[in-house]
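Values below: all heavy atoms of this structure, side chains included; hydrogens, waters and symmetry mates excluded.
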Amino acid sequence: MSSSRPDMALGRGRPSKAAVAMLVLVACLFAGCGQPKGVLFRPEAHGLVWPQPPAPARVEYIGQLATSDDLKPARSFGEELGEALFGRKAGRSMLTPYAVCTDGGDRVFVCDSNAQCVHVFDLDRREYEQWRPPEATGGFSQPVGIVYDTRDRLLVADSVAGVLFAFDGNGQYLGELAREPLLRPCGLAVDPRAGRIFVADTGAHQVVVLAIDGEERTRIGRRGTALGEFNFPTNVAVDSAGRLFVSDTLNFRIQVFDHDLNAVRQIGEKGDMPGYFSHPKGLALDSDDHLYVVDAHFESVQIFDREGRLLLAFGEEGHGPGQFWLPTGIAISGDDRVWIADSYNRRVQVFQYLAEIEP
């Protein structure tokens, strides 16, 4: 029986790799070689804002970083040809992104607790790296806290090893920073004006205050429920006035300390209504000193004003844009871009604070 499509019958319906390569070469000759950088984030493609219209938008979803491919780097003709011949390599992905920070510029650092590394996304150069301590140190055990300090160092809290690892701005390992015992260090924050580093030591039920050189200055709190006491604190943040905010996670509240480290108030308590908490974790502040609190169990972020009044909440359980699955860490860069470690969705979601929330 003859075929009405002899090319397909003879196996010639799909071009060979060599033919594909030749087509790519011809296209390159006529259209120019390689591919330029892609657009990183396209908020207009999603149209997600909070609160919902007709209220003025204050927070906008703009995109995500899940793999190194999300950097959308330029590709040379050789890379294009290689992909045509051998297929495209899969991007490097995250396993359990737990904490996030930036260097104040174009680099985003993501602490991955189970992959035992720091993912480095360079948004300007569109380059991706992984940072780890040297093998001779034993490497990371469970990195869960991260901050970029005033000396251009990346500090990483390892809760199992009980130490802070330090790297310079090029990823070179500098050694361990804290010189006093830490039980289970978790969240980190820097007060640049006072030259202080705050460490939420979850196992000690304290916040440890270090000088920039790593020398211990003091410790705040003990286990308890009174103001100034903690029950497994996990994260810390500092506002423009030097006030300290602590996620007192299993007391289901945020505690606020003044510049002299006196406890002044708590925000929230246990409950399932807006303004209450189930499992508060990551903390960050925008340019207007609004406090953002990630609640891992509510799969949401709540925003409070300077007096602790709830302004806005966004997020819900799920896997799509603006949805979360056990979110943990948060960082807000100087341009009010909000980076949230969406741990079990294996990504960092990116939002933009748009304007002053207060009326």
Side-chain angles (χ1 to χ4, degrees), residues 27 31-32 34-76 79-80 83 87-95 97 100-102 105-110 112 119-128 282 284 286-288 290 292 294 298-303 311-357:
Q35 178 175 310
K37 296 178 182 178
V39 177
L40 278 177
F41 305 119
R42 293 182 180 275
E44 69 280 357
H46 307 281
L48 291 176
V49 296
W50 295 266
Q52 297 297 312
R58 303 307 187 195
V59 174
E60 180 180 28
Y61 173 84
I62 62 172
Q64 69 173 28
L65 293 175
T67 76
S68 56
D69 285 344
D70 290 327
L71 288 171
K72 299 176 183 174
R75 296 202 301 272
S76 68
E79 291 170 324
E80 293 272 287
E83 289 177 7
R88 188 168 186 176
K89 293 181 180 179
R92 304 291 295 276
S93 60
M94 294 182 275
L95 186 57
V100 59
C101 75
T102 75
D106 294 309
R107 289 186 298 176
V108 179
F109 303 91
V110 185
D112 194 324
H119 306 275
V120 184
F121 295 87
D122 191 318
L123 306 183
D124 179 39
R125 297 181 178 180
R126 309 296 180 91
E127 295 175 351
Y128 168 86
D286 64 26
S287 60
D288 288 320
H290 300 132
Y292 294 59
V294 174
F298 285 163
E299 324 282 359
S300 68
V301 180
Q302 299 189 72
I303 306 176
L311 299 173
L312 178 66
F314 66 94
E316 61 184 4
E317 184 176 356
H319 311 294
Q323 298 176 332
F324 301 104
W325 189 13
L326 290 180
T328 48
I330 183 172
I332 301 179
S333 48
D335 56 359
D336 278 328
R337 189 155 284 181
V338 183
W339 309 85
I340 298 176
D342 189 7
S343 290
Y344 274 42
N345 279 324
R346 299 185 178 186
R347 62 186 179 183
V348 171
Q349 293 203 65
V350 192
F351 302 82
Q352 183 71 46
Y353 167 58
L354 298 176
E356 172 65 53
I357 291 179

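Taking CG of L48 as the reference point, atom CD of Q349 lies at 9.5 Å (rounded to 0.5 Å). Separating the CZ atom in F121 from the OG1 atom in T102 is a distance of 14.0 Å, to the nearest 0.5 Å. Rounded to the nearest 0.5 Å, atoms CD1 (I340) and CZ (F351) are 4.5 Å apart. In this structure, OH on Y353 lies 15.5 Å from CZ on R337, to the nearest 0.5 angstrom. To the nearest 0.5 Å, atom CD of residue E127 and atom CG of residue L71 are 9.0 Å apart. Between atom CG of residue L95 and atom OH of residue Y344 there is a gap of 9.5 Å, rounded to the nearest 0.5 Å.
Sorted by first and then second residue, the side chain to side chain donor-acceptor pair (under 3.5 Å) pairs involving residues 39-56 (not counting sequence neighbours) form an empty list.
Listed by chain and number, the residues in a side-chain hydrogen bond (donor to acceptor under 3.5 Å, both in side chains) with D336 are S287 (sequence neighbours excluded). Scanning for side-chain contact (heavy atoms from CB on, under 4.5 Å) contacts around P51 gives A55, R58, L312, with sequence neighbours left out. For A284, the side-chain contact (heavy atoms from CB on, under 4.5 Å) criterion is met by I330, I332, not counting sequence neighbours. Partners of S300 by side-chain hydrogen bond (donor to acceptor under 3.5 Å, both in side chains), not counting sequence neighbours: none found. Legend: residues meeting side-chain hydrogen bond (donor to acceptor under 3.5 Å, both in side chains) with S93, ordered by chain and number and at least two apart, are absent. Among residues two or more places apart in sequence or in another chain, the side-chain hydrogen bond (donor to acceptor under 3.5 Å, both in side chains) test is passed with D124 by none. A66 is linked by a side-chain contact (heavy atoms from CB on, under 4.5 Å) to Q64, D70, R347, counting only residues two or more places apart in sequence or in another chain. Under the side-chain contact (heavy atoms from CB on, under 4.5 Å) criterion, E60 pairs with P43, V49, I62, L354, sequence neighbours left out. The salt bridge (charged side-chain N to carboxylate O under 4.0 Å, His left out) test applied to D112 returns no partner, not counting sequence neighbours. Under the rule for a salt bridge (charged side-chain N to carboxylate O under 4.0 Å, His left out), R126 has no partner lying at least two apart in sequence or in another chain.
With hydrogens and angles ignored, the 3.5 Å screen pairs a side-chain donor or acceptor of S343 with a backbone N or O of P97. Judged by distance alone, the side chain of D288 and the main-chain N or O of H290 form no donor-acceptor pair under 3.5 Å.
Contact annotation: the side chain of F41 never approaches that of Q352 to less than 4.5 Å [non-hydrogen atoms, C-beta and beyond]. Taking 4.5 Å as the limit, some side-chain heavy atom of L65 sits within range of a side-chain heavy atom of W339. Side-chain atoms of V59 and I303, non-hydrogen and from C-beta on, do get closer than 4.5 Å to each other.
Counting all heavy atoms, side chain and backbone alike, C101 lies closest to A331 at CA-CB, 3.8 Å.
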Side-chain donor-acceptor contacts of residues 319-326 below 3.5 Å, not counting sequence neighbours, with atom names and distances?
unit_1	atom_1	unit_2	atom_2	d
H319	ND1	N345	OD1	2.8
Q323	OE1	H319	N	3.1
Q323	OE1	G320	N	2.8
Q323	NE2	E316	OE2	2.9

